Amino acid sequence: METNNLLQDFTKYIETLCSKHVEIKHSKEKKHFIRLDNDEMLQEGKYIHYPVVTMEKLTASYSDQEDNTTKNRHVEMMFLDHISDTGNFNHIENTWSRMESIAEDFIMKIKSDRRSRKYPFLKNLKMTGIELDFVENVATLLWGVLLSFDIELPFSGCINGKFSD
């Protein structure tokens, strides 16, 4: 089976994690996940619920080795919650801690799911350069964390039947 590790595979997987996480509880009726690289999703952003997981545009690069090529993706996700009282520093600290914990849940779940046959596009995935930064946007009353990491994925270099002579 050819696996090219398409963007929509990973995006759908992250959306599924948002649906299954007990604190996020994303659903079609109550959106707690949004892609920030898609105009349609940005319009739906008016109807998001908190806490929310956002996923930035994923970039891809390819490394060529003697016998194989790997696809490298840079992933940026934010885990954010709304705070109405910007002067309540205990609430802000608790929100940062909660969003950090949720981001770590996602890291551990992704690492665990690499062994699952249910997610063939995660097979042999390697996560590197994991960084977590605390973020705030006082204008929108959002506090949370930015999780960024690189993933190295297998990439099928097979071109059988893709070009005519």
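Since the structure is predicted, the reported quantities are computational estimates derived from the model, not experimental observations.
Taken from CG in Leu141 to CG in Leu80, the straight-line distance is 12.0 Å, to the nearest 0.5 Å. If you take CD1 on Ile34 and SG on Cys18, they are separated by 11.5 Å, rounding to the nearest 0.5 Å. Within the model, atoms CE of Met78 and CG of Asn137 stand 9.0 Å from one another, a figure rounded to the nearest 0.5 Å.
Side-chain contact between Met55 and Val53 is absent, with no heavy-atom pair separated by less than 4.5 Å. Annotation: side chain of Ile24 is not in contact with side chain of Phe33 (no heavy-atom distance under 4.5 Å). The side-chain heavy atoms of Leu146 and Glu76, taken from C-beta on, include a pair separated by under 4.5 Å. Looking at heavy atoms from C-beta onward, Ile102 lies out of side-chain contact with Val145 at the 4.5 angstrom threshold. Looking only at side-chain heavy atoms (C-beta outward), His82 and Leu142 come within less than 4.5 Å of each other. You'll find the side chain of Pro51 reaches within 4.5 Å of the side chain of Arg98, heavy atoms only.
In this structure, the side chain of His26 engages the main chain of His32 through a donor-acceptor pair within 3.5 Å. No donor-acceptor distance shorter than 3.5 angstrom exists from the side chain of Ser112 to the backbone of Met108, with no hydrogens or angles considered. Side-chain atoms of Thr95 come within 3.5 Å of backbone N or O of His91 as a donor-acceptor pair.
Taking all atoms of both residues into account, the shortest heavy-atom contact from His49 to Val52 is O-CB, 3.6 Å. When every heavy atom of Tyr13 is checked against every heavy atom of Ile110, the shortest pair comes out as OH-CA, 3.3 Å. Of all the heavy atoms in Val22 and Lys25, the pair that sits closest is O-CE, 2.6 Å. Shortest non-hydrogen contact noted between Leu132 and Glu100 is CD2-CG, 3.9 Å. In terms of heavy atoms, Lys28 sits closest to Lys31 at O-NZ, 3.9 Å. Across Tyr50 and Ile48, no two heavy atoms sit closer than the pair OH-CD1, 3.7 Å.
Exactly one residue among Phe106, Trp143, Phe134 makes a ring-ring contact (aromatic ring centres under 6.0 Å, His included) with Phe79. That residue is Phe106.
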Kindly indicate, with the supporting measurements, whether the criterion side chain to side chain contact (heavy atoms under 4.5 Å, CB included) is fulfilled by Val75 and Phe10. CA-CA 10 Å; Val75 179; Phe10 191 75; 4.0 Å; yes

Let me see the working for Ile92 and Ile83 under side chain to side chain contact (heavy atoms under 4.5 Å, CB included), right down to the final yes or no. CA-CA 7 Å; Ile92 290 170; Ile83 295 179; 3.7 Å; yes

Determine whether Ile151 and Leu122 satisfy the following criterion, side chain to side chain contact (heavy atoms under 4.5 Å, CB included), listing intermediate values before the conclusion. CA-CA 10 Å; Ile151 54 177; Leu122 294 179; over 6 Å; no

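In this structure, the side chain to side chain donor-acceptor pair (under 3.5 Å) partners of Asp150, at least two apart in sequence or on a different chain, are His74. For Asp105, the side chain to side chain donor-acceptor pair (under 3.5 Å) criterion is met by His21, not counting sequence neighbours. Every residue was checked against the side chain to side chain donor-acceptor pair (under 3.5 Å) condition with Asn94, not counting sequence neighbours, and none meets it.
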